[in-house]
Amino acid sequence: MNFNDFEYQRPDYDLVKSKLLNLMDALKNSTETNEQIKLINEINDVRNNISSMSSIANIRHTINTEDKFYDTENEYWDEVSPLYQELDSLFYEVMVNHNNKDNLIKEFGTQFFKLMENSLKVFSSEIIEDLQEENKEVSKYVKLLASAKILFDGKERNLSGMTPYLVSKDRVIRKAAQEAKSTFFINNEKQFDEIFDKLVKIRVKIAKKLGFNNFIELGYLRMNRIDYNDKMVDNFRKQVIESIVPLASTLYEKQKNRLGLDTLKYYDEKFEFNDGNATPKGDANWIIEQGKKMYHELSPETGEFIDFMIENNLMDLITKKGKAGGGYCTFIPDYKSPFIFSNFNGTSGDIDVLTHEAGHAFQVYRSSWIKIPELLWATYESSEIHSMSMEFFTWKWMEDFFKEDAHKYRFSHLSGAIKFIPYGVLVDHFQHKIYGNPDLTPNERKKVWRELEKQYKPHSDYSENPFLERGGWWFQQAHIFEIPFYYIDYTLAQICALQFWKKMSENFEDAWKDYLTLCHEGGTKSFLNLLDVARLKSPFEDGCVEEIMNVVEKNLNKFSI
């Protein structure tokens, strides 16, 4: 069924609540395992319907934030989502305290019960109003970003529409584009600061109400980190500083020399080659056609998947007026349908979307056999393995998109992965600093960001941009506002994806089998257990980062650029 025909109907909360409470009561009093399984499946059917309606409303709102109907529905979901979370919490209480818990664990797995126990720690009816307020502030941030109207090159452009100019061959245009983009954030600086300040204070308030010392503890539980903690993350950050920051700095130095520059400025960082970065050789429709061909040739499984996505209009890819920024993949359980949202802008990032977000979509498509909402997706760091690894599995088809510039794309993609990891760790370290010191002023927060930038990105030169020099870059990093502590996940996953990249160079078929197995498992296992399934090393293991960086560096040195 075409996405445009997916029915949206705002759920009647009181009716849903009554139905779920009756089912929970029956589950609590049931003494027969098969009956309990049947009741749990019925409960999950209701919960999946709620998730479906929420997803449809969010997709249509982000496609057009100026649509009054779905703007109203977005406000409704901001208000009511914590109430549905409360119902989930009541369900979890019944499950983890059930007299037949041992048999239910055998049926539904230990990961489900660990996730439920986590969720019970992060929710209380006492924080419902605070969660509603948090949702509203996040929505303000999303709308503020989407409101960008930057007059550049004779047209009004949103933030995504500025991207091609940020990687222009003309250095003057690159600088002007960055300055125009910064001007939007400067003009709205007070609003960004106020939104974030409210979010920090709300989240700290929630943590205190739930009995935590700080939001860091709560943030980790919200992210469902089952088998690793902040100390292990801190050790990983140290490995990045030791093994990746020096390699990234070397790559930037070589880039400076390749471009013939005396100094690599901040507006040069994304520009790799004097004759221009690799760009797709066709428009959005052409890219989709090439993508269809690619996925059919990659495997029968991906061929079936891409046909399903295209035939059912499950992708909205082109940037346009009023559209929210960024990109994401979500899932609509009632229709067993992933959905990919992005903002094509004529850069290589368009192909990254077709591989990265499609990696997410492919995983959830392959694991749609799972009826339990909590297990459909893996936890965040595991989910990013699917997306980042798909980027590498599709390397051999890059000639289809970039023609003679495919080698430039591969080099930029691989070197970009190395350059990204320190930045990703910087975002995570920043959040630890912020929530460890929640009373910092807006200016002090920017100072913290800039100091950390100097540690993780020592090459970055903002001397010509006072706003960025005083630490304003992070305003555009949506995860910091929307999903705190969701960023180290990308860096952990990148180390795992690079292991897949190494494996596929040795035996592509075996690597693909491991990837399919990983996708099939969905979220039925924790991060470290999923790594075992995929036959990957843990990024937390001493020496893992250094080992894969040695391989990457040798391969980068082989490129003729």
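The figures that follow rest on heavy atoms only: side chains count, while hydrogens, waters and symmetry mates do not. Quantities reported herein were computed from a predicted structural model and do not represent experimental measurements.
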**Q.** For P373, all residues meeting side chain to side chain contact (heavy atoms under 4.5 Å, CB included), sequence neighbours excluded
**A.** N44, R47, N48

Q. Using a distance-only test with no angle check, is there a side-chain donor-acceptor pair under 3.5 angstrom linking K265 and Q178?
A. no

Q: Identify, with sequence neighbours excluded, every residue that meets ring pair (Phe, Tyr, Trp, His ring centres under 6.0 Å) alongside Y70.
A: Y8

Q. What pairs with E189 under side chain to side chain contact (heavy atoms under 4.5 Å, CB included), at least two apart in sequence or on another chain?
A. D193, K446, F467, R470, F475

**Q.** Minimum heavy-atom distance F485-R225, with the two atoms named
**A.** O-NH2, 2.6 Å

Q: Please name all residues satisfying side chain to side chain donor-acceptor pair (under 3.5 Å) with K270, sequence neighbours left out, ordered by chain then number.
A: none

Q. Just by distance, with hydrogens left out, do Q191 and Y141 show a side-chain donor and acceptor under 3.5 Å apart?
A. no

Q.
So for atom NZ, which belongs to K209, do other residues, nucleotides or ligands contribute more than 12 heavy atoms lying within a distance under 6.0 Å?
A. yes

Q) By side chain to side chain contact (heavy atoms under 4.5 Å, CB included), which residues pair with P458, not counting sequence neighbours? A) V245, S249

Q. Partners of F540 by ring pair (Phe, Tyr, Trp, His ring centres under 6.0 Å), sequence neighbours excluded?
A. Y228

(Q) Could you work out, with salt bridge (charged side-chain N to carboxylate O under 4.0 Å, His left out) as the rule, every residue matching K136, not counting sequence neighbours? (A) E79

Q: Apply salt bridge (charged side-chain N to carboxylate O under 4.0 Å, His left out) to D197 and list each qualifying residue two or more places apart in sequence or on a separate chain.
A: K201, R445

Q. Who passes salt bridge (charged side-chain N to carboxylate O under 4.0 Å, His left out) against E133, sequence neighbours left out?
A. none

Q: Examine W395 together with Y409 and report whether their ring centres are nearer than 6.0 Å.
A: no

Q | N-O pairing of E134 and K198 below 4.0 Å | A | no

Q.
List the residues meeting side chain to side chain contact (heavy atoms under 4.5 Å, CB included) with I241, not counting sequence neighbours, and say none if there are none.
A. Q455, Y456

Q. When you check the side-chain N and O atoms of E384 and Y486, is any donor under 3.5 Å from an acceptor?
A. yes

Q: Under the side chain to side chain donor-acceptor pair (under 3.5 Å) rule, what do D78 and S139 come out as? Steps first, then yes or no, please.
A: CA-CA 8 Å; D78 282 348; S139 289; 2.6 Å; yes

Q | With sequence neighbours excluded, residues passing ring pair (Phe, Tyr, Trp, His ring centres under 6.0 Å) with F69 | A | none

**Q.** ring pair (Phe, Tyr, Trp, His ring centres under 6.0 Å) partners for H356, two or more places apart
**A.** H360

